[in-house]
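Below is one structure; the comments refer to it alone.
Letters A, B, ... mirror the listed sequences (proteins, then strands); counts begin at 1.
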Amino acid sequence: MPELPEVEVVRRGLEEFTTGRTIRSVEVLHPRPLRRHLAGPADFSDRLAGQKFLAPARRGKYLWLPLASGDAVLTHLGMSGQFRVQPVGATDEKHLRVRIRFDDDGGEVRFVDQRMFGGLSYSEGGAELPAEIAHIARDPFDPLFDTEAFVAGVRKRRTGLKRALLDQTLVSGVGNIYADEALWRAKLHYARATDSLKPLQIREILRHAHEVMADALAVGGTSFDALYVNVNGESGYFERGLAAYGQEGSPCPRCGRPIRREAFMNRSSYRCPKCQPAPRNARW
DNA sequence: ACTCCGCCCTGCTTGC
DNA sequence: TGCAAGCAGGGCGGAG
């Protein structure tokens, strides 16, 4: 569900509420979100008690909370994960999975996840960058993002452009929504063959992905429903900024043609049939 | 080595 | 009304 802008909104919210605080206890209410922590929920809780959080970090859609010990709590929101800050004693959310209490009088942090594609794990030595996500590419907001390596990587692939944009080992943070929006802005069809794109076109699609995610971040991200909210339970406002995604039948903001929805990768893709015509040598 | 599919979950919407 | 299928913004493991 959440892509880079939404995860960054959550990171900023957590930064305000967790940095410098010491954990008193961690309560795991469902084992599923701890599946990546192979030693099990009890071990996860035991290791965290008494530890102090440093400022949270993010790469793409992954988020981690470094600890003063040099380790980290690594998390991913999956499709429906949320972090919420609540006063101690507030009613439990229906899908509350993990509760973190602190040794001060402030509120608690809760991991809430309806579908449980998200989760948490304890990353030893992961404060700087958890080894578990070393394969994830830097995202476009990262000052060390290597544009030329991205251009070369995309051209080396033999696949469609949208598949490449969604491949988190080429560029991270882009999901189905912002891939469609970036493709619309760049006037490129999702099935354009990666190995026939010009370097300039690849730089352009990357620039648009960066810009559309920055635009979304500036207004708190995209929320279609209550499944994406910030740590205070508030929605973002970028849904009104979407030109293509979810806009089937609505006029293209550029040319007026109705936006088309098509099945793609067991999901949906939205495009303007005039601005983003199907290529001859399509790769799906 | 690279690419792609199926699957992990729950709940809301849609159509019969 | 009731039920089942379809769909939802992600990532991984393993098949080919």
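- Taking atom CG of residue A:D113 and atom C1' of nucleotide C:dG9, one finds them 13 Å apart after rounding to whole Å.
- Judged by the 6.0 Å distance and 45° axis criteria, A:R163 is positioned over the aromatic ring of A:F264.
- Taking the ring centre of A:W64 as origin, the terminal cationic atom of A:R59 falls outside the region bounded by 6.0 Å and 45° from the ring axis.
- Residues A:R267 and A:K156 both approach DNA chain B. Their nearest nucleotides, taken by heavy-atom distance, put A:K156 toward the 5′ side.
- Side-chain proximity of A:Y228 to the nucleotides C:dG10, C:dG9, B:dG6 is greatest for C:dG9.
- Without hydrogens or angle criteria, A:H76 side chain to A:Y62 main chain gives no donor-acceptor distance under 3.5 Å.
- Salt bridge annotation for A:R47-A:E124: present, with a cationic side-chain nitrogen under 4.0 angstrom from a carboxylate oxygen.
- What you find for A:Y270 and A:A244 is that their closest heavy atoms are CB-O, 3.2 Å.
- The cationic group of A:R97 does not satisfy the cation-pi geometry with A:F111, failing either the under 6.0 Å distance to the six-membered ring centre or the 45° limit from the ring axis.
- Remark: the backbone N or O of A:T222 is paired with a side-chain donor or acceptor of A:E6 at under 3.5 angstrom.
- Here A:R157 does not reach the OP1 or OP2 of B:dA1: none of its side-chain N or O atoms lies under 4.0 Å away.
- The side chain of A:H76 contributes an N or O atom lying less than 4.0 Å from OP1 or OP2 of C:dG11.
- Annotation: of the two residues near DNA chain B, A:R32 and A:K94, the 5′-most nearest-nucleotide partner is A:R32.
- Stem analysis of DNA chain C (at least three stacked-register Watson-Crick or G-U pairs, each with both distances under 3.5 Å) gives B:2-8 with C:10-16, B:10-16 with C:2-8.
- Distances shown here put every side-chain N or O of A:R158 at or beyond 4.0 Å from the OP1 or OP2 atom of B:dC2.
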For nucleotides 5-7 of chain C, list the nitrogen or oxygen atoms of the protein found under 3.5 Å from its nitrogen or oxygen atoms, one pair per line.
none

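- For the pair A:D195 and A:R283, the salt-bridge criterion is met [side-chain N within less than 4.0 Å of a carboxylate O].
- With sequence neighbours excluded, no residue forms a salt bridge (charged side-chain N to carboxylate O under 4.0 Å, His left out) with A:E16.
- Atom pair A:R115:CZ and B:dC9:C1' shows a separation of 7 Å (rounding to whole Å applied).
- At B:dG11, one or more side-chain N or O atoms of A:H95 fall inside 4.0 Å of OP1 or OP2 (strictly under the cut-off).
- Between A:T222 and the phosphate of C:dG9, there is no side-chain N or O to OP1/OP2 separation shorter than 4.0 Å.
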